[in-house]
J.: 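Here it is, the structure in full.
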Protein chains: 2
Amino acid sequence: MHRHFRAVDYSECMAGSGRQRTNRRVVHETLRRQVLTLELPPGSALSENELAAALGVSRTPVRESLILLAEEGLVQVFPQVGSFVSRVDPERVADAQFLREAVELAALDDLPADLDADLVAELRDNLAAQQRPGIDVEEFFTLDEEFHRGLLGLSSHGRAWSTVASAKGHLDRARRLGLYEAGSPAVFADQHQEIFQAVLDNDVERARSRMRRHLRAVFEDIEQIRSRSPELFASNSGAAPVRRNVVVWE
Amino acid sequence: MHRHFRAVDYSECMAGSGRQRTNRRVVHETLRRQVLTLELPPGSALSENELAAALGVSRTPVRESLILLAEEGLVQVFPQVGSFVSRVDPERVADAQFLREAVELAALDDLPADLDADLVAELRDNLAAQQRPGIDVEEFFTLDEEFHRGLLGLSSHGRAWSTVASAKGHLDRARRLGLYEAGSPAVFADQHQEIFQAVLDNDVERARSRMRRHLRAVFEDIEQIRSRSPELFASNSGAAPVRRNVVVWE
DNA sequence: ATAACAGTACTGGTATACAAGCATCAGTCG
DNA sequence: CGACTGATGCTTGTATACCAGTACTGTTAT
């Protein structure tokens, strides 16, 4: 076996976030979004065959997506039994909260003297959009995501976002369980404004304080939801995926 | 279609860290270890077919393992071109450093009043083992891993370890590039001892300070390695996997 | 009625076959 | 001698077939 190779630049392949429009990536993003938005509610059975048929692809990309989601903790796979959307595990939510808080606060410590002007402008627009009255819940979540991501970007540690995003995913999924009936995005939008102002003022300590309060408020929100609807959460980490009798007309 | 389901407890499946002895898990752990220990050096070509043949399995588990490793950033997959062990990317190393420092320092803030006695004893033994003269480099890395993991466990945020472990993996891989010729584990072992003592004394501030110094020292170590052997690092994030002419007798 | 047993339809894990695309090689033409 | 071009062997992505194992069904024996 002889192989002759030459140096090649694949920069373009990695450019942007799209990388490559492969079936697996599409399925992965689709399923992840559906899990996080509760379109696929916790505990749902995810049959590889059914998903493949529904999405018009073969089992392979579906299966590979499920493996990734399982690694992220959004899905549980039981060999020879089935795959299920993870119940919202309070322990995991707490871990996500801890991790997110640690990273986002540390990022505030590392803010440069002069901030990226474009990013600042973008964040300003974002905050304005958050203040829109009667804003849709899903739209708020999108803006929230972009805000926190942008804030992390200001500290030149933007590449750490994927880790935070994973943690935030678990938190948001828990929040969505109750946000539709209770929470008011306006409060959180105001907290975002406070944090941003502190950052603009170069007041790291205040920014940290406000950020911590904000993130803790989010966590409190989740705890309230849990006490109100405990059945949506996993009672214990190793709990069974409770399968129920389902009848469907064909 | 009608499906009758019953509640079942799969706790045992999740018990421990083993979960299930599946081929994919074995391959994943094997490859990950080989990448982190530089047994598979940065830039190596990883052919799914060759790996499958070498490991005595089919492409499927190999491929799924590569996907997971790619998600962790240890491997790069270029469709229709090839898969390669990631070059050590300074940016990614810096991100890993930032993330790890944020989490491990935050954990020290959350230490409970009275520590888990068993874990403390385990950590004491671990530190003693680290002090052994003429300790093997790989053995030191194992002990180092267990030490930091145990320290995180003391704060009841042990479940966040997997995230830290991933970051630590990138850092350790960079360190291994130069540790064999230069670094002395004894220095780091002493730093571990200092941190641990501060924790035992319930002196959070000192523990944080020592931990920060320790982690920064590790990072400095890597920077030194980089300046000494820049060719081992990726010059830019989108760099090409440089393929070289290889001739092999069959 | 109830408990035990075979049957069956489903699961995910694995192996394999095929398809699409890239990089090199060999030949050819200018 | 250099540039172009089809052939070739590799790569990963996808689809499919088969396997071992599980959990339900319906029947049978008690």
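Every chain is numbered from 1, with letters handed out A, B, ... down the list of sequences.
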J.: Are side-chain heavy atoms of V62(B) and R59(B) found at a separation under 4.5 Å?
T.: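 The answer is no, as the side chains (C-beta and beyond) never meet within the 4.5 Å cut-off.
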J.: Is the backbone N or O of T163(A) less than 3.5 Å from a side-chain atom of S166(A), with the two atoms forming a donor-acceptor pair by type?
T.: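 A pair under 3.5 Å: no.
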J.: In whole Å, I'd like the distance from the CZ atom of R21(B) to the P atom of dT14(C).
T.: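 So the two atoms are 12 Å apart, to the nearest Å.
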J.: Does any N or O in the side chain of S83(A) come within less than 3.5 Å of the main-chain N or O of V77(A), such that one atom is a donor and the other an acceptor?
T.: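 Absent.
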J.: Is any side-chain N or O of Q80(B) under 3.5 Å from a base N or O of dT12(D), one able to act as donor and the other as acceptor?
T.: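 Between dT12(D) and Q80(B), which were checked side chain against base, a qualifying N/O pair under 3.5 Å is present.
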J.: When all nucleic acid strands are considered with a 4.0 Å heavy-atom cut-off, which category describes I67(B): base, sugar-phosphate, or nothing?
T.: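 Here I67(B) touches no strand at all.
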J.: Check whether any side-chain N or O of T22(A) sits under 4.0 Å from OP1 or OP2 of dT14(D), and answer yes or no.
T.: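 For dT14(D), OP1/OP2 do have a side-chain N/O of T22(A) under 4.0 Å.
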J.: What pairs of nitrogen or oxygen atoms, one from the protein and one from nucleotides 15-17 of chain C, lie under 3.5 Å apart?
T.:
{"residue": "dA15(C)", "atom": "OP2", "partner": "S58(B)", "partner atom": "N", "Å": "2.7"}
{"residue": "dA15(C)", "atom": "OP2", "partner": "S58(B)", "partner atom": "OG", "Å": "2.8"}
{"residue": "dA15(C)", "atom": "N7", "partner": "T60(B)", "partner atom": "OG1", "Å": "2.7"}

J.: L46(B) CG to dC10(D) P: how many Å, rounded?
T.: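 Between P of dC10(D) and CG of L46(B): 17 Å.
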J.: Please report the distance, rounded to the nearest Å, between CD in Q76(B) and P in dT11(D).
T.: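 For the pair Q76(B) CD and dT11(D) P, the rounded distance is 18 Å.
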J.: Would you say N49(A) reaches dT11(C)'s phosphate, i.e. side-chain N/O to OP1/OP2 under 4.0 Å?
T.: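 Checking N49(A) against dT11(C): at least one side-chain N or O falls below 4.0 Å of OP1 or OP2.
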J.: For L36(B), does its backbone N or O pair with a side-chain atom of R176(B) as donor and acceptor, under 3.5 Å?
T.: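 Looks like yes, one N/O pair under 3.5 Å.
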J.: E50(B) CD to dC10(D) P: how many Å, rounded?
T.: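 These atoms are roughly 10 Å apart.
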J.: How is R24(A) classified with respect to the nucleic acid when contacts are heavy atoms under 4.0 Å: base, sugar-phosphate, or nothing?
T.: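 It contacts sugar-phosphate atoms only.
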J.: Rounded to whole angstroms, how far apart are CZ on F84(B) and P on dC22(C)?
T.: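 Whole-Å distance recorded here is 14 Å.
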J.: Decide yes or no on side chain to side chain contact (heavy atoms under 4.5 Å, CB included) for L177(B) and L38(B), but give the supporting numbers first.
T.: CA-CA 8 Å; L177(B) 286 175; L38(B) 305 183; 3.7 Å; yes
J.: What's the shortest heavy-atom distance between I222(B) and L171(B), and which atoms?
T.: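 Where I222(B) meets L171(B) most closely, the heavy atoms are CD1-O, 3.6 Å.
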J.: Assign L66(B) to base, sugar-phosphate, or nothing according to its heavy-atom contacts below 4.0 angstrom with the strands shown.
T.: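 L66(B): no heavy atom of the nucleic acid under 4.0 Å.
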J.: Specify the separation, in whole Å, of atom CD of E64(B) and atom C1' of dT12(D).
T.: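 About 14 Å, once rounded to whole Å.
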J.: Looking at S83(A), I'd like to know whether one of its side-chain N or O atoms comes within less than 4.0 Å of OP1 or OP2 on dT11(C).
T.: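 No.
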J.: Could you state the CD-P distance from E48(B) to dT14(C), rounded to the nearest angstrom?
T.: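 After rounding, the gap between these two atoms is 15 Å.
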J.: May I have the distance from R25(B) (atom CZ) to dT14(C) (atom C1'), rounded to whole angstrom?
T.: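 Computing the R25(B):CZ to dT14(C):C1' distance gives 15 Å.
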J.: Under 3.5 Å, is there a donor-acceptor pair between the Q224(A) and E220(A) side chains?
T.: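 Not at all, the side chains of Q224(A) and E220(A) share no donor-acceptor pair under 3.5 Å.
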